[in-house]
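First up is the structure itself, then whatever we jot down about it.
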Amino acid sequence: MDKLRLLSQINLLDELPEEELKKVDEVTQTAPIKKGTIILSPTQQMRSLFFLKKGQVRLFKVSSSGKEFTVDLLSEGNVFGETSNFSLTESDIYAETMVDSFVCTLTKERFEELLRQNPDISLKLITILTSKLKEMYQITESIAYKDVKYRILLLFMQLSNRFGVRSGEWQTVGVKITQHDIASMIGSSRETVSLFLGELEKEQVITRKPLKINTVLAKELYEVEEG
DNA sequence: GCATTAAAGGACT
DNA sequence: AGTCCTTTAATGC
């Protein structure tokens, strides 16, 4: 596995010149991690940041009654805790690999050093965090005021914009996701998600295998329900 | 309008 | 074969 090439695929780092990339490479360690592994939990806090080189990771919280709320999905090229660990507060967040993955670790100190030396990376990090914040605002608002069908569409639009591939009016969602995952991201239940996915498929707003969303039809549905 | 429960079928390893 | 994922229907808030 070409470590350097994988590093250059980290979206935060892709603007780094080669020599800087090599420096980063020297202070990081890459490890293969099997699907379903908890790599971060409230009880085993790490003082490092993670670069997800390959695979998919889910960040989630667990309520006192044992229910999971998924905060974020991460795909190849993402850094975490972009959203959790890097903020000073120790948070009760779990990170679990959803597929077999390659994760590389970087100490917080090294990462901060990297930011100081490369203002462009800092700016890019702000951009990433800002757009994530915007997404979270949308999701929380939709949980307060919108129905489940709307929330599913909103989620798909967000995932699709971040991870998907566009071809005309159709966009792939771009991540491997179960109905339980969806439910845990929009504050719903698996069964209800199943019901509405069925409806959305009949209405031809989405397709499954592969999971795609028709952005035009989705937007129409937004407007109807916003009125 | 949706969660919950239950029950059963399908898919993955 | 066993676990995980999905679907469907009934019930009640």
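A note on names: the letters A, B, ... follow the listed sequences, proteins ahead of strands, and every chain is numbered from 1.
- Here the straight-line distance linking atom CZ of A:F69 with atom OG of A:S63 works out to 11.0 Å at 0.5 Å rounding.
- Distance NZ (A:K209) to C1' (C:dC5): 16 Å, rounded to an integer number of Å.
- Taking all atoms of both residues into account, the shortest heavy-atom contact from A:W170 to A:V205 is CZ3-O, 3.8 Å.
- Each of A:G187 and A:K176 has a nearest nucleotide on DNA chain B; the 5'-most of these lies closest to A:G187.
- For the pair A:D100 CG and B:dC12 C1', the computed distance is 14 Å after rounding to whole Å.
- Counted by atom type alone, A:S189 and A:T192 present one or more donor-acceptor pairs between their side chains at under 3.5 Å.
- Among the atoms of the strands shown, none is found under 4.0 Å from any heavy atom of A:G36.
- Between A:R151 atom CZ and B:dG1 atom P the separation is 12 Å, expressed in whole Å.
- Distance NZ (A:K146) to P (B:dG1): 14 Å, rounded to an integer number of Å.
- Within 4.0 Å of A:S194, counting heavy atoms only, lies at least one base atom of the nucleic acid.
- Per the geometry, CD1 belonging to A:I177 stands 15 Å off C1' belonging to C:dT6, to the nearest Å.
- In summary, the side chains of A:N78 and A:S75 do not present any donor paired with an acceptor at a separation below 3.5 Å, with no hydrogens or angles considered.
- Proximity of A:T192 to the phosphate of B:dA3: a side-chain N or O atom is located under 4.0 Å from OP1 or OP2.
- Taking atom CD1 on A:I186 and atom P on B:dC2, their separation rounds to 9 Å, with Å as the unit.
- Within the nucleic acid shown, A:K67 comes within 4.0 Å of sugar-phosphate atoms alone, with no base atom in reach, counting heavy atoms only.
- C:dC5 atom C1' lies 12 Å from atom CG of A:L197, rounded to whole Å.
- A straight line from CD of A:E191 to P of C:dT11 spans 16 Å, rounded to a whole angstrom.
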For a side-chain contact (heavy atoms from CB on, under 4.5 Å) check, start with the C-alpha distance between A:T37 and A:E96, then their side-chain angles and the critical distance, and finish with the verdict.
CA-CA 5 Å; A:T37 308; A:E96 176 190 26; over 6 Å; no
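- Nearest nucleotide to the A:T178 side chain, out of C:dC5, B:dT13, B:dA3: C:dC5.
- OP1 or OP2 of C:dT7 has at least one side-chain nitrogen or oxygen of A:Q179 nearer than 4.0 Å.
- For the pair A:S188 and B:dA3, the criterion of a side-chain N or O lying under 4.0 Å from OP1 or OP2 is met.
- A residue-by-residue look at A:R190 and A:F196 shows that A:F196 has its nearest nucleotide of DNA chain B further toward the 5' end.
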